[in-house]
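Take a look at the structure below.
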Amino acid sequence: MKILYFAWLRQRIGVAAEEFDLPADVTTIDDLVGYLTAKGPGYAKGFAEPQVIRAAVNYEYVPFDHKLSNNDEVAFFPPVTGG
Amino acid sequence: MKILYFAWLRQRIGVAAEEFDLPADVTTIDDLVGYLTAKGPGYAKGFAEPQVIRAAVNYEYVPFDHKLSNNDEVAFFPPVTGG
Amino acid sequence: MIKVQQEDFDVSAELAALAAGNHGIGGIVSFVGLVRDLVGPDNAEPALRAMTLEHYPAMTEKKLGDIEAQANARWPLEASLIIHRYGRLEPGAQIVLVACAAAHRQDAFDSCNFLMDWLKTEAPFWKLEETEAGEDWVDSRASDDAAAARWQAKPDRAAE
Amino acid sequence: MIKVQQEDFDVSAELAALAAGNHGIGGIVSFVGLVRDLVGPDNAEPALRAMTLEHYPAMTEKKLGDIEAQANARWPLEASLIIHRYGRLEPGAQIVLVACAAAHRQDAFDSCNFLMDWLKTEAPFWKLEETEAGEDWVDSRASDDAAAARWQAKPDRAAE
């Protein structure tokens with residue numbers, strides 16, 4: 001799966017994108033957030049308040065109980081501020 | 001006083017503007033409409049349905065009971081259709 | 001600012017002049033009114049050949065200035081502009097430009113909407129249409145009166 | 001039509017292209033969003049030096065296309081356009097253009113207002129502000145969420 005980070009989440013984590021195989025025990029966005037949070041201090045800081053983070057899978061907003069597949073493009077980001 | 005006509009009222013009456021002294025028995029717009037209606041067939045046709053005509057005195061919309069003075073610029077016209 | 005003119009206008013140039021040097025503007029809402037052919041794009045022979053706008057110059061300037069002042073009293077605008085053309089215009093031609101610039105977008109939307117509704121019912125313009133069947137004066141529309149009336153009944157939206 | 005670009009845009013040229021050859025259009029409502037300095041025109045030293053817009057290209061195109069399709073399903077539009085810029089922009093610069101063309105003006109006003117509200121809450125853009133104090137990401141605003149939510153609750157205005 002491909003994972004993208006934007007805005008201050010990207011800055012805190014320190015990478016814009018990464019790719020890895022979906023771990024066996026990660027089936028939802030919630031699981032993935034837990035998995036990533038454990039990867040290092042940048043991730044922990046980025047996901048410290050998961051309720052403010054929005055998730056998109058294949059360019060659509062999804063709730064955190066959304067089921068993942070290994071072909072997904074997942075994106076995490078703060079609330080949008082365009083326009 | 002100066003009187004102006006616009007749009008189809010101008011066409012029916014056949015003049016765009018005219019000036020004359022306010023007759024002694026004409027004190028309101030209502031009176032003026034009656035006075036003008038009697039001036040000729042074009043006027044009678046123009047003012048045949050006075051309820052659709054709007055009146056302005058010195059560039060402000062006025063009701064038909066508005067009191068006139070001899071220095072006024074009075075305008076009569078159909079409902080506006082700009083924009 | 002009010003402009004009543006026969007010439008066409010350039011929207012970009014007008015908006016640039018409106019916003020020039022004022023970095024407190026967050027958004028500009030503009031309305032451009034065009035001459036419709038009244039038949040639609042799929043008809044090969046549009047019914048309308050042209051329309052001629054007649055107006056009452058001294059009163060037009062005054063009424064447009066009045067409604068612009070009302071909009072500025074009602075919404076916190078950084079700048080506003082009304083341009084209205086008169087004379088003979090063909091289908092597709094620009095008739096009117098109303099632009100409202102504000103710090104926050106909803107003020108710009110509401111004030112521009114208000115100005116158009118009031119302009120339609122208060123500004124002394126009349127449209128004469130030329131079609132193949134001849135010439136005819138455009139009737140006023142009850143929907144325009146209703147649109148203008150809603151600004152008297154409705155309280156303003158809460159500020160952002 | 002959707003355009004996501006770094007370059008500036010010319011409003012007149014965009015509106016002319018939008019309306020080209022379609023004489024069924026009676027009015028075009030457009031919103032131009034500008035970079036505000038957040039301090040106001042009277043302050044000699046604006047706090048904001050520039051803002052940088054980051055976005056998620058594939059999702060941006062998709063979401064802008066989705067909300068444009070929703071507006072076209074909800075209002076009888078003759079044409080619509082969303083241009084959104086990204087990259088570094090200084091105070092006064094144009095950020096976004098949304099334009100809606102319709103036979104009747106209220107459809108154009110409402111759909112443009114709707115598109116801006118949804119764009120603010122759905123389009124994946126983020127603003128990084130540069131001020132004298134450093135850089136900071138702009139927070140989302142509760143008022144934008146409320147503005148978008150009203151389109152779900154409120155029935156459409158009756159057609160003219």
Side-chain angles (χ1 to χ4, degrees), chain C residues 9-16 19-43 46 48 78 90-99 101 103-106 108-110 112-113 116-117 120 141-144 146-147 150 157-160, chain D residues 9-16 19-43 46 48 78 90-99 101 103-106 108-110 112-113 116-117 120 141-144 146-147 150 157-160:
Chain C
F9 49 81
D10 179 78
V11 178
S12 297
E14 297 295 343
L15 298 190
N22 183 343
H23 295 161
I25 296 174
I28 306 175
V29 171
S30 62
F31 177 87
V32 178
L34 304 176
V35 178
R36 263 201 307 155
D37 63 9
L38 304 178
V39 173
D42 298 334
N43 192 301
L48 189 79
E78 295 287 337
E90 296 187 352
Q94 300 184 127
I95 305 171
V96 63
L97 170 65
V98 172
H104 300 292
R105 72 183 179 284
Q106 199 58 47
F109 270 110
D110 290 346
C112 188
N113 206 163
M116 274 309 302
D117 286 347
K120 284 266 179 189
R141 300 193 309 168
S143 61
D144 284 332
R150 71 193 164 115
R157 286 167 49 86
E160 285 186 293
Chain D
F9 49 80
D10 179 79
V11 178
S12 297
E14 297 295 343
L15 298 190
N22 183 345
H23 295 162
I25 296 173
I28 305 175
V29 171
S30 61
F31 177 87
V32 178
L34 304 176
V35 178
R36 256 197 319 150
D37 63 11
L38 304 177
V39 173
D42 297 333
N43 193 299
L48 188 80
E78 295 287 336
E90 297 187 350
Q94 301 186 125
I95 305 171
V96 64
L97 170 66
V98 172
H104 301 291
R105 72 183 179 283
Q106 199 57 48
F109 270 109
D110 291 346
C112 188
N113 206 165
M116 274 309 302
D117 286 346
K120 284 264 178 190
R141 299 194 306 167
S143 62
D144 284 331
R150 73 193 161 114
R157 284 167 49 85
E160 285 187 289

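Here the structure is a predicted model, which means the values were calculated and not measured. Residue numbers start from 1 in every chain, and the chains themselves are labelled A, B, ... in the order their sequence lines are given, proteins ahead of strands.
Side-chain atoms of S12(D) come within 3.5 Å of backbone atoms of S12(C) as a donor-acceptor pair (strictly under, hydrogens ignored).
Annotation for V29(C) and F31(D): closest pair CG2-CD1, 3.5 Å, computed over non-hydrogen atoms.
Just one residue in the list H104(C), E78(C), H23(C) forms a side chain to side chain contact (heavy atoms under 4.5 Å, CB included) with R36(D), and that residue is H104(C).
Contact of the Q106(D) side chain with the M116(C) side chain is not registered, since no non-hydrogen atoms from C-beta on lie closer than 4.5 Å.
In this structure, CG on L34(C) lies 13.5 Å from CZ on R105(D), to the nearest 0.5 angstrom.
Proximity to chain D (any heavy atom under 4.5 Å) is restricted, for L15(C), to the side chain, taken from C-beta onward. With a threshold of 4.5 angstrom between heavy atoms, A101(C) does not approach chain D through any atom at all. Neither the backbone nor the side chain of A142(D) comes within contact range of chain C; no heavy atoms are under 4.5 Å apart. Neither the backbone nor the side chain of V98(C) comes within contact range of chain D, judged by heavy atoms closer than 4.5 Å. For a residue to count as touching a neighbouring chain, one of its non-hydrogen atoms must lie under 4.5 Å from one of that chain's; by this rule V35(D) touches chain C with the backbone only.
Counting heavy-atom pairs under 4.5 Å between each of I25(C), V11(C), I95(C) and chain D puts I25(C) at the top. Chain D forms the most heavy-atom pairs under 4.5 Å with one residue out of S30(C), A103(C), G92(C), G27(C), and that residue is S30(C).
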